[in-house]
Amino acid sequence: MASSRPLIAGNWKMNGLTASLDQARALVAALAEHPPAARVALCAPATLIERMAALLGGTMVAVGAQDCRPESHGAFTGDISPEMVVDAGATLVLLGHSERRALHGETDAMVAAKVIGALRAGLEPIVCVGESLDQRRAGAAVAMVRAQLAGSLPPGLAGRPWSVAYEPIWAIGTGETPTLAQIEEIHRAIRGDLVAQFGEAGAAPPILYGGSVNPGNAAEILRIAEVGGALVGGASLKAVDFVAICQAA
């Protein structure tokens with residue numbers, strides 16, 4: 001099934017100080033010379049969102065946040081609402097990243113609530129799902145991803161811009177990747193479930209692959225059926241590497 005324009009999103013995680021904005025400048029300059037076919041976004045730490053948005057405004061690179069609460073405001077010390085994310089200049093937000101699920105105990109229901117909040121504020125959610133190494137070894141990878149998907153996607157997504165990111169947890173930051181056949185199996189299963197849940201609208205959202213994507217493997221991964229982009233971690237911190245991945249789409 002055809003999906004919308006590919007999306008390459010960089011996730012800086014808990015990395016980046018003011019000097020790191022030089023990498024964003026270099027990224028914009030390089031992409032302006034050779035525009036990629038894909039949409040491009042950088043998901044910055046909260047401390048850099050406003051400055052990155054000011055820097056990248058009017059360019060082809062969108063700015064995203066790495067998380068948000070469902071509520072618009074309230075007594076949630078240290079948290080950021082979707083409306084605050086928008087106010088800082090971001091247009092996308094990562095939700096349900098495996099590190100949030102594992103380190104902060106986020107459940108599928110919590111992720112779904114955050115998606116609803118993001119939609120309310122006008123953000124484009126990137127909803128993350130993925131299996132652990134034990135689940136992969138037990139042959140439960142597809143079932144686990146499908147269960148996360150079912151619990152994390154609220155009905156309100158229909159007709160709105162959004163995407164899914166499949167990130168095998170055991171491949172994040174390890175340099176290991178699933179086989180191309182394993183990636184295709186999961187992406188096809190995700191697409192099938194999206195169509196089953198949202199009808200024709202389920203054919204549109206890009207399904208990103210995330211898990212040690214780098215300039216050396218990006219092209220072959222992005223050619224896989226139903227892979228509609230990439231969620232890039234460490235390689236997005238260096239403009240030269242991220243540019244190569246963006247131009248591989």
Side-chain angles (χ1 to χ4, degrees), residues 1-3 6-9 11 13 66-67 94-115 125-155 157 162-199 201-214 216-235 245 248-249:
M1 297 178 184
S3 60
L7 171 63
I8 308 294
N11 177 15
K13 304 191 180 185
Q66 297 175 15
D67 185 46
L94 293 176
L95 296 172
H97 190 281
S98 61
E99 291 159 0
R100 297 292 310 179
R101 292 178 186 264
L103 301 177
H104 296 267
E106 292 190 3
T107 64
D108 295 339
M110 292 170 66
V111 175
K114 290 184 176 191
V115 173
I126 303 174
V127 185
C128 304
V129 294
E131 84 281 1
S132 69
L133 183 56
D134 286 343
Q135 290 161 344
R136 165 63 64 178
R137 287 174 172 168
V142 173
M144 179 63 191
V145 169
R146 294 183 68 188
Q148 283 187 330
L149 204 65
S152 302
L153 302 180
L157 283 166
W162 59 285
S163 58
V164 172
Y166 164 58
E167 41 167 18
I169 300 168
W170 50 275
I172 299 173
T174 65
E176 298 185 34
T177 56
T179 66
L180 301 184
Q182 288 171 332
I183 295 173
E184 182 174 354
E185 177 188 33
I186 296 288
H187 278 248
R188 285 190 182 278
I190 291 173
R191 181 64 71 200
D193 282 8
L194 295 185
V195 172
Q197 182 172 351
F198 298 103
I207 305 172
L208 318 185
Y209 171 76
S212 294
V213 179
N214 59 63
N217 63 19
E220 65 177 1
I221 290 174
L222 292 167
R223 285 196 298 265
I224 298 172
E226 296 297 357
V227 172
L231 179 58
V232 185
I245 294 170

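Judged by distance alone, the side chains of Tyr166 and Glu131 do bring a donor and an acceptor atom under 3.5 Å apart.
Partners of Glu106 by salt bridge (charged side-chain N to carboxylate O under 4.0 Å, His left out), not counting sequence neighbours, listed by chain and number: Arg100, Lys114. Taking Glu167 as the reference, nothing meets the salt bridge (charged side-chain N to carboxylate O under 4.0 Å, His left out) condition, with sequence neighbours excluded.
The closest donor-acceptor contact from the side chain of Gln66 to the backbone of Lys13 lies under 3.5 Å. With hydrogens and angles disregarded, a donor-acceptor distance shorter than 3.5 Å links the side chain of Asn217 to the backbone of Asn214. Looking at Arg146, its side chain never comes within 3.5 Å of a backbone N or O of Ile186 through a donor-acceptor pair.
Tyr209 OH to Ile190 CD1: the interatomic distance, rounded to the nearest 0.5 Å, is 11.5 Å. Here the straight-line distance linking atom CG of Leu194 with atom CG of Leu153 works out to 6.5 Å at 0.5 Å rounding. Considering CG of Leu149 and CE of Met144, their distance stands at 11.5 Å, rounded to 0.5 Å. With rounding to the nearest 0.5 Å, the separation of CG in Leu231 from SG in Cys128 is 5.5 Å. Residue Ile207 holds its CD1 atom at 10.5 Å from CZ of Arg188, rounded to the nearest 0.5 Å. Taking CE from Met110 and NE2 from His104, the interatomic distance works out to 10.0 Å, rounded to the nearest 0.5 Å.
Here the closest non-hydrogen pair linking Asp108 and Ala147 is OD2-O, 3.7 Å. Counting all heavy atoms, side chain and backbone alike, Leu95 lies closest to Pro125 at CD1-CB, 4.1 Å. Of all non-hydrogen atoms in Ser98 and Ile172, the two that sit nearest each other are OG-CD1, 3.2 Å. Closest non-hydrogen pair, Pro178 versus Ala171, comes out as CD-CB, 4.3 Å. Closest non-hydrogen pair, Ala203 versus Val195, comes out as N-CG2, 4.0 Å. For the residue pair Val145 and Gly130, the shortest heavy atom distance occurs at CG2-CA, 4.0 Å.
Residues His97 and Asp67 have side chains not in contact (no heavy-atom distance under 4.5 Å, counting atoms from C-beta outward). Put simply, the side chain of Pro206 reaches to within 4.5 Å of the side chain of Ser163, judged on heavy atoms. Contact of the Val111 side chain with the Gln148 side chain is not registered, since no non-hydrogen atoms from C-beta on lie closer than 4.5 Å.
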- Message: Could you go through Ile8 and Val213, starting from their C-alpha distance and side-chain angles, then the distance that decides it, and tell me whether this counts as side-chain contact (heavy atoms from CB on, under 4.5 Å)?
- Response: CA-CA 11 Å; Ile8 308 294; Val213 179; over 6 Å; no
